[in-house]
2 protein chains.
Amino acid sequence: MIIDHRNVRITGGFWKKKMDLNRRVTMNAVYDRFHESGRIDAFRCDWKEGMPNRPHIFWDSDVAKWMEGAAYILETDDNPALEEKVEQLVDWIEANQHEDGYFNIYYTVVEPDKRWTDRNCHELYCAGHLMEAACAYYNATGRDRFLNCMKKYADYIAKVFMEEHSAAFRTPGHEEIELALYKMYKTTGEEKYFDLMKYFLETRGQPDNDEAQIFLAAHYAQSHAPIRDQHEAFGHSVRAMYLYSGMADLANETGDEALLTACRDLFDDTTRRKMYVTGGIGSTNIGEAFTIPYDLPNARAYTETCASIGLMFFANRMFRADPVKSSKYADVVELEMYNGALSGLSLDGEKFFYENPLEINLTERHRITATNDREHFPITERVRIFGCSCCPPNLNRLLPALGDYFCGWDEAEGAVYVNQFGQSEFSLGDAHVTVETDYPLTGRVHVKADVPVYMRVPGWCRGNFRADAPHVTANGYARFDAGEFTIVYEMKPVLISANVNVTPNLGKAALKRGPVVYCAEGVDNGGDVHSLYFDRSTVRNADVEYSDFFSAPVITLPGFRIRNSSDDLYGPLDEVYEFVKIRMIPYAAFANRGETNMLVWINVR
Amino acid sequence: MIIDHRNVRITGGFWKKKMDLNRRVTMNAVYDRFHESGRIDAFRCDWKEGMPNRPHIFWDSDVAKWMEGAAYILETDDNPALEEKVEQLVDWIEANQHEDGYFNIYYTVVEPDKRWTDRNCHELYCAGHLMEAACAYYNATGRDRFLNCMKKYADYIAKVFMEEHSAAFRTPGHEEIELALYKMYKTTGEEKYFDLMKYFLETRGQPDNDEAQIFLAAHYAQSHAPIRDQHEAFGHSVRAMYLYSGMADLANETGDEALLTACRDLFDDTTRRKMYVTGGIGSTNIGEAFTIPYDLPNARAYTETCASIGLMFFANRMFRADPVKSSKYADVVELEMYNGALSGLSLDGEKFFYENPLEINLTERHRITATNDREHFPITERVRIFGCSCCPPNLNRLLPALGDYFCGWDEAEGAVYVNQFGQSEFSLGDAHVTVETDYPLTGRVHVKADVPVYMRVPGWCRGNFRADAPHVTANGYARFDAGEFTIVYEMKPVLISANVNVTPNLGKAALKRGPVVYCAEGVDNGGDVHSLYFDRSTVRNADVEYSDFFSAPVITLPGFRIRNSSDDLYGPLDEVYEFVKIRMIPYAAFANRGETNMLVWINVR
């Protein structure tokens with residue numbers, strides 16, 4: 001099982017800083033933008049036609065995710081101002097919940113007669129996020145007002161969907177409520193929420209009104225097959241991750257082997273065929289979706305922040321559900337933490353990316369503008385809020401609960417799994433573990449534990465680590481007996497290549513150091529990054545220097561820049577390579593210094 | 001001046017075969033498709049609402065280009081069946097020409113009350129093509145019935161546009177009539193046609209109803225500036241080439257230096273910043289247009305066949321108009337002849353490309369299909385006809401008049417310029433020249449001439465030629481005295497690189513041999529061409545072997561194929577290169593053996 005973040009104290013280092021930034025800056029920034037855009041006051045449910053800020057179908061969920069983040073913060077922080085904001089929202093939810101238990105802003109004030117008529121319109125998705133927030137708030141404060149509202153809502157949903165079958169559809173068009181109901185079950189102990197979760201999962205893939213889906217029909221919302229028959233990741237990538245997370249929850253609860261096999265296959269298909277080197281998933285803006293194996297265009301990568309966070313959810317649940325405690329699950333979590341998920345947040349904590357491309361080519365952008373091309377490219381600078389602003393509050397709730405990803409507990413053996421490395425302390429019952437490290441600045445991790453410890457050996461170090469105590473290695477973990485020891489993962493800049501089926505990356509390499517993917521930005525490299533070449537023979541001469549600005553090392557390494565031997569458009573192959581120093585920054589920190597070219601995959605000689 | 005194709009006999013070799021193919025196969029194929037689609041019978045002008053085959057606004061021009069091709073063939077061929085088809089069309093044109101001289105199928109039978117109301121609707125473009133055909137038919141047969149119709153039409157157009165100003169616009173939305181009126185002037189000797197041509201050119205760039213343009217406003221149809229202020233190629237690439245051709249005609253007639261400067265700049269901007277290595281122009285399907293310098297995406301190249309043919313028109317006129325007889329003009333003509341224009345025609349002469357991409361990646365295509373992506377990609381196999389079928393008859397008229405591009409005449413010196421090399425004989429007055437060669441199979445050209453001869457030294461041979469007679473070289477021409485001599489251009493496979501500003505081609509090379517650009521097709525290379533690498537050190541070991549199927553050599557050269565060292569999606573840079581033979585075929589002949597991957601720009605080590 002996972003050790004809950006409430007039992008994990010992150011006491012310093014990289015993540016402590018990010019969590020503090022979220023608490024101090026990002027939470028307020030998101031709340032203020034939500035307030036300005038009408039999302040907060042929408043919970044008063046007094047909007048009328050003609051008034052500004054017409055509520056949108058997913059506004060409940062935007063705010064619910066922020067509330068969930070607030071709840072996690074209130075577990076440890078005494079913050080009356082924050083608490084008051086949540087309480088105010090709960091007041092409104094309580095006041096505006098319908099007699100029968102229903103709560104949804106849009107279908108209360110905009111289209112009150114359309115309740116449960118459109119499978120695409122996010123009602124169950126919004127309900128799920130409210131339930132997650134209610135569970136978190138109850139767990140944090142012990143106050144059950146919000147949870148009681150959501151229990152009533154869940155009971156009503158069970159009646160509509162499982163008894164009366166009176167909705168126009170049978171399963172949600174956007175998954176989320178499945179994993180939320182599992183939390184309701186775990187929080188309340190009431191099996192009826194598990195039954196409802198199971199109903200939505202088991203009913204999926206039976207005929208539903210999928211023809212209403214605008215993209216890719218049933219595949220878009222993973223409705224093309226019963227869950228045990230799903231072995232390839234399809235459709236909208238956030239929907240997919242939330243569904244697979246719910247499936248893993250169910251497999252964990254029941255030990256269902258066929259379901260676990262489907263989950264393993266979906267995890268492998270996602271991470272071994274459809275994932276960017278940054279952890280980003282979802283290759284196309286068309287349906288915000290997966291496409292086909294190895295289709296991973298860099299400049300047009302969609303790679304939604306929420307999808308990366310969703311993959312963290314799924315990976316962590318797979319660690320829990322899979323009896324085989326392979327380190328691959330925590331490897332993917334780590335990849336997202338330092339790269340694909342984190343890139344959604346600006347260094348100042350106030351601005352966000354929804355899409356996280358692996359390349360910015362300003363010349364190409366200029367063409368798009370110059371020709372009125374309708375081709376879709378991600379934006380090049382972070383913004384404070386989006387029309388569909390799901391990603392910012394997803395970061396709000398991810399960061400304060402990051403402890404959820406740090407460690408697991410093997411009950412049979414009474415041993416701890418250390419999955420993520422950071423200055424931290426955690427405990428379960430009598431077991432206590434202290435981790436001291438400046439990871440990922442170095443790969444040195446010092447552990448004190450009164451139980452046996454399985455230390456993850458990250459895939460990226462490929463077995464290159466040393467330790468000062470006896471250990472046995474299997475499935476990507478090194479097992480140490482209870483006591484004190486130091487493990488050092490070899491952490492040096494490494495050039496990475498992609499599978500040759502990823503044709504755009506042929507002849508190119510990406511630079512990683514430990515879990516951190518690097519990128520070159522124009523602002524550090526004379527404007528143009530596309531003409532840069534890595535020198536494969538000199539990566540070992542890279543300078544790694546800590547930067548306060550990035551809270552991480554920047555890497556400078558000898559390389560080349562290709563120059564024209566003439567002004568001709570074409571000429572005999574006779575390139576001029578000049579020696580240059582290439583400056584690389586952590587990928588997650590790109591686009592924090594104005595609009596500039598950016599490249600992860602760089603030509604290599 | 002140019003020596004007209006009527007004075008040039010192409011007696012054998014590569015082009016003789018293509019011209020015979022056009023005469024025997026392509027002319028009939030295009031006529032039959034035009035007949036089936038209703039384009040031929042549309043000239044009866046008896047279509048009524050409810051009948052099939054509703055005439056389209058550009059149908060006149062499709063058939064007119066075919067008629068022009070027929071006229072050139074009738075110059076030398078006794079072909080009563082072909083003549084009868086043309087005469088039948090002329091009968092209908094004569095019968096259905098309006099009293100006032102107007103002739104246009106669409107605006108006669110579909111929207112008779114909309115004459116001259118929509119600048120985009122190709123009326124003047126259709127008129128221009130009919131005039132070109134009429135001039136060609138008169139020159140070929142001496143029969144003036146068609147020409148008289150078009151004189152009457154031109155007189156009427158002059159009245160509407162220059163006197164009454166009664167049309168809703170002042171200049172054509174699709175240029176073409178300018179160069180056609182110059183032909184009318186040259187054919188009839190009547191200055192009024194020159195005046196009308198001049199009017200349309202000189203009026204361009206003054207306020208017109210450009211806001212009706214859907215793409216790129218005025219730039220789309222090159223209406224953004226007066227002609228002497230145009231120095232960068234903008235907008236729809238076929239429109240651009242036809243306009244620039246008309247501008248060069250005007251500059252040639254008047255010696256206008258400012259206009260000539262504009263033409264030179266437009267030629268250089270087109271060929272030195274916006275042209276593919278194949279000669280293709282027009283980088284985007286959005287408006288079938290130029291974009292920005294160095295924006296030359298390979299798989300999404302638009303590169304319309306008509307635009308390449310149009311660039312041949314422009315280049316040949318620049319050779320004529322520019323007192324500096326630089327070989328760069330004929331170099332571009334040659335590039336188009338063997339590559340970007342020729343690729344529009346299948347080897348069997350019956351199928352066509354409108355767009356001529358430089359890359360086919362079937363995986364990418366599969367993604368497009370799988371995701372309902374609206375992104376535009378060219379088709380991967382040639383077809384028999386298009387809805388907008390301008391390209392096939394443009395090939396029909398290009399090939400029989402190809403002699404137009406072979407040589408020029410310097411009146412002052414009484415010398416001949418030999419611009420294109422093929423088994424041929426030509427004469428002007430007392431000057432006679434015989435050229436014997438199997439070019440481009442070899443670079444050996446034997447010439448017998450009773451006047452001095454300027455032999456083009458193609459840019460691609462970079463001065464590497466030898467000759468058995470004294471000569472002086474300047475501006476890309478080698479001047480020989482009258483007599484007999486042999487010149488041998490060094491013709492070996494060469495790897496070409498693109499300017500580094502063309503970012504997609506960084507680290508890649510294209511293979512050329514003489515004027516011929518090569519490509520790798522999957523069908524010859526185990527399916528996948530994207531994983532191939534040229535070996536820069538072994539190009540000199542290439543095997544060049546003549547292929548009957550392609551009427552040209554295929555090239556086999558040692559190279560590499562990159563393989564995965566594991567099945568992992570990402571891993572340390574540790575590629576496995578295996579030795580392979582790469583088989584390359586002439587680019588113009590791609591897509592003649594079923595749908596397959598194709599690549600011009602290949603990674604190079």
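Numbers restart at 1 for each chain; the letters A, B, ... are given by sequence-line order, proteins then strands.
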Steps toward side-chain contact (heavy atoms from CB on, under 4.5 Å) verdict (A:Thr363, B:Thr503): CA-CA 9 Å; A:Thr363 307; B:Thr503 50; over 6 Å; no
Stepwise side-chain contact (heavy atoms from CB on, under 4.5 Å) check, A:Asp528 with B:Val500: CA-CA 11 Å; A:Asp528 172 26; B:Val500 298; 5.8 Å; no
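Here B:Ser531 contributes atom OG and A:Asn501 contributes atom CG; the two are 8.5 Å apart, rounded to the nearest 0.5 Å. Taken to the nearest 0.5 Å, the CG atom of B:Leu573 stands 11.0 Å off from the CG atom of A:Leu511. Taking OG1 of A:Thr271 as the reference point, atom CG of B:Asp568 lies at 10.0 Å (rounded to 0.5 Å). The CG atom of A:Asp574 sits 11.0 Å away from the CD1 atom of B:Ile496 when rounded to the nearest 0.5 Å. One finds the CE atom of B:Met275 at 6.5 Å from the OH atom of A:Tyr570 (value rounded to the nearest 0.5 Å). Distance check: A:Asp295 CG to B:Asn361 CG gives 9.0 Å after rounding to the nearest 0.5 Å.
Only the side chain of B:Tyr577 comes within contact range of chain A, with at least one heavy atom under 4.5 Å from a heavy atom of that chain. Residue B:Phe534 does not touch chain A at all, counting heavy-atom pairs closer than 4.5 Å. For A:Lys512, no part lies under 4.5 angstrom from a heavy atom of chain B.
Interface with chain B: from residues 596-605 of chain A, residues A:Trp601, A:Asn603, A:Val604 qualify, criterion being any non-hydrogen pair under 4.5 Å.
Per-residue counts of heavy-atom pairs under 4.5 Å with chain B were compared for A:Val277, A:Asn505, A:Val494; the largest is that of A:Val277. Interface check for chain A: of the options B:Arg536, B:Glu364, B:Arg273, the most heavy-atom pairs under 4.5 Å are formed by B:Arg536. Chain B forms more heavy-atom pairs under 4.5 Å with one residue of A:Ser497, A:Pro297, A:Ser283 than with any other, namely A:Ser497. Between chain B and the residues A:Asp567, A:Leu296, A:Val539, the largest count of heavy-atom pairs under 4.5 Å involves A:Asp567.
The backbone N or O of A:Gly507 lies less than 3.5 Å from a partner atom in the side chain of B:Tyr533, making a donor-acceptor pair.
Heavy-atom minimum distance, B:Gly571 versus A:Arg462: CA-NH2, 4.2 Å. In terms of heavy-atom proximity, A:Ala498 sits nearest to B:Asn564 at O-OD1, 4.4 Å.
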